[in-house]
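Here the structure comes first, spelled out in structure tokens, and everything after it is commentary.
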2 protein chains.
Amino acid sequence: MRVESSAGSETRSERKERTRRAILDAALSLSEETGLGGLSLRQVAKEVGVVPTAFYRHFASIDELGLALVEESFVSLRAMIRDVRRGNPPLEEIVDRSVEVLDDHVRAQRAHFAFIARERSGGSAVVRAAVRQEFALFERELATDLARLPMDHWSSEDLHVLSRLIVVAMIAVAEEILESPDRERDAIKRRARTQLLVVIVGAVNWRSERE
Amino acid sequence: MRVESSAGSETRSERKERTRRAILDAALSLSEETGLGGLSLRQVAKEVGVVPTAFYRHFASIDELGLALVEESFVSLRAMIRDVRRGNPPLEEIVDRSVEVLDDHVRAQRAHFAFIARERSGGSAVVRAAVRQEFALFERELATDLARLPMDHWSSEDLHVLSRLIVVAMIAVAEEILESPDRERDAIKRRARTQLLVVIVGAVNWRSERE
DNA sequence: CCTTTCAGTGAACGTGCGTACACTGAAACT
DNA sequence: AGTTTCAGTGTACGCACGTTCACTGAAAGG
């Protein structure tokens, strides 16, 4: 395929990609109210401004659309993780920095995080499975990150348990951020820091308690 | 109204109550696959064995049915809490006992807990709001319970933050129990105990860390 | 220049939906 | 015994849905 572009126009594949994006955006925005499950192909098509059947040129079903949205949303989530890791923050700043980055990213990509939070328990079986698998991956990554902190008295299995606790707590924080007015921003962040710190303090003082 | 009962038959209100129960049960079971949102009045009616319009004699809408299911499900949840508290277990047994009771109740009332977990983030706005309000109540109760543990160095606001962390973690454990085969039962319980203990150890060692 | 490709069109279909309305018949009440 | 109440019936309606199929017309390719 040649990428012929008669100035101002688009190639065929550019145009197709643009429609695909429009469908993804429309679906993300429409599903904010109904959930992915309560989304109809016709609604999406109308929002995009194409005829219902055109949908099939891009996705075979709403579920497949959902999977694309899961991938896209987790790109946002992984960008967040990368941002937390960046610059290898010193131990005493990890909590503050993590909460700051979480808050920033959730607000900047609110639709993506809302989608993940919603479809994690709500969606169709296949979408739900995809979300959970992504989270499982993420938990494993976090566990190896934790291994670098001064908690070598933890087995790798226990590190994973700890990682899950942190992930679950931070998902809850993200949900709280998504559904609260902006002025509660600082209060939520403060609470998130407290929770993270409790977990870390608990982890560090672990062995000494269980002798 | 007189409660006339010609042996073997039912009064009118008994019969009505029986249909209402059948609707609630059918809805609970059918929504296990589709979510409450993907549930139709006609489906429920068919499952119960009545004509669709009969539904209106009991609920004005699916949402109202949902609210009734929220209430019913939280009766199960509160029964669980009461069971945890029963006998005022000594400090060192609290974790083991809580996890045991959680596991027992989630398995015994799996439909109710699945409903709560699902509709917590997925359902219609009004049902979701009802679920969250119930959880908020529950968190506050747990916070006052925590105040009786040896952590008087915590402000009541921080106790609430801690309570939220525990609730969120235990919701995640309940979800894990619901979606795992029985043979992972012990592994999940062990992980749950670890998580609870980390939080408690973290809470107890709190002040000493923040000078 | 002529042919092929293919994103988007438009009409048509069968289905399941919520809801309206008038009804029935047994239980409850007077 | 006569009347009222009301849980459940049955029909009918308009609507939105997913999916089919033959189509169009411009871009891509030979």
Side-chain angles (χ1 to χ4, degrees), chain A residues 1-27 30-31 33-68 123-127, chain B residues 1-27 30-31 33-68 123-127:
Chain A
M1 178 203 298
R2 202 133 44 90
V3 186
E4 189 107 27
S5 70
S6 39
S9 184
E10 295 164 305
T11 67
R12 209 137 79 167
S13 62
E14 278 170 350
R15 195 157 197 93
K16 179 169 188 183
E17 178 54 29
R18 215 162 52 98
T19 304
R20 193 187 133 96
R21 267 254 53 81
I23 291 177
L24 287 168
D25 292 345
L30 288 174
S31 72
E33 300 180 351
T34 57
L36 186 70
L39 201 64
S40 84
L41 177 160
R42 286 179 114 99
Q43 250 176 70
V44 175
K46 175 178 264 186
E47 176 87 1
V48 172
V50 296
V51 97
T53 45
F55 178 91
Y56 291 112
R57 297 284 174 205
H58 303 274
F59 303 97
S61 65
I62 292 281
D63 259 13
E64 205 177 273
L65 206 193
L67 292 182
S124 77
V126 16
V127 170
Chain B
M1 181 202 299
R2 202 132 44 90
V3 187
E4 190 108 27
S5 70
S6 39
S9 183
E10 296 165 303
T11 67
R12 205 133 87 162
S13 62
E14 277 170 352
R15 196 159 195 92
K16 178 168 189 185
E17 178 55 27
R18 215 162 53 97
T19 304
R20 192 188 133 97
R21 267 254 53 81
I23 291 177
L24 286 168
D25 292 345
L30 288 174
S31 72
E33 299 180 353
T34 58
L36 186 71
L39 201 64
S40 83
L41 176 160
R42 285 179 115 98
Q43 250 176 72
V44 175
K46 175 178 265 185
E47 176 87 1
V48 171
V50 296
V51 97
T53 45
F55 178 91
Y56 292 113
R57 297 282 173 208
H58 303 275
F59 303 97
S61 65
I62 293 281
D63 259 12
E64 205 178 273
L65 205 193
L67 292 182
S124 76
V126 14
V127 171

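Heavy atoms only: backbone and side chains are in, while hydrogens, waters and symmetry mates are out.
Side-chain contact between A:Tyr56 and A:Leu41 is present, with heavy atoms from C-beta onward closer than 4.5 Å.
Here the side chain of B:Ser61 pairs a donor or acceptor atom with the backbone of B:Glu64 at under 3.5 angstrom. Within the 3.5 Å criterion, the main-chain N or O of A:Thr11 finds a donor-acceptor partner in the side chain of A:Glu14. Looking at B:Ser31, its side chain never comes within 3.5 Å of a backbone N or O of B:Thr34 through a donor-acceptor pair.
For residues 44-55 of chain B, proximity to DNA chain C is found at B:Thr53, defined as any non-hydrogen atom under 4.0 angstrom from a strand atom. Contacts between residues 15-23 of chain A and DNA chain C, counted as heavy-atom distances below 4.0 Å, involve A:Lys16, A:Thr19.
In this structure, CG of B:Leu39 is placed 14 Å from C1' of C:dG16, rounded to the nearest angstrom. When rounded to the nearest whole Å, the span between CD of A:Glu64 and C1' of D:dG18 equals 15 Å. In this structure, CD of A:Gln43 is placed 14 Å from C1' of D:dC15, rounded to the nearest angstrom. Straight-line distance from the CZ atom of A:Arg12 to the P atom of D:dG29: 8 Å, rounded to whole Å. Here the P atom of nucleotide C:dT9 and the CG atom of A:Leu41 are 13 Å apart, to the nearest Å. Between A:Glu10 atom CD and C:dG8 atom P there is a gap of 10 Å when expressed in whole angstrom units. Taking atom OH of B:Tyr56 as the reference point, atom C1' of C:dC21 lies 13 Å away to the nearest angstrom. Going from atom CG of A:Leu30 over to atom C1' of D:dC17 covers 15 Å, rounded to whole Å.
The side chain of A:Arg57 sits closest to C:dA7 out of C:dA7, C:dG25, D:dT19. Taking every side-chain heavy atom of A:Arg42 into account, C:dA12 is the closest of C:dC17, C:dA7, C:dA12. Residue A:His58 has its side chain nearest to C:dG8 when only C:dT19, C:dG8, C:dA28 are considered.
In terms of phosphate contacts, B:Ser40 brings a side-chain nitrogen or oxygen within less than 4.0 Å of OP1 or OP2 of C:dC17.
Expressed to the nearest 0.5 Å, how far NE2 of A:His58 lies from CZ of A:Arg21 amounts to 12.5 Å.
Among all heavy-atom pairs drawn from B:Glu47 and B:Ala26, the shortest one is CG-CB, 3.5 Å. In terms of heavy atoms, B:Gln43 sits closest to B:Gly38 at NE2-O, 4.0 Å. Scanning all heavy atoms of the two residues, the minimum distance from B:Ala27 to B:Leu65 falls at CB-CD1, 3.7 Å.
Within a 6.0 Å radius of CZ in B:Arg15, no more than 12 heavy atoms belonging to other residues, nucleotides or ligands are found.
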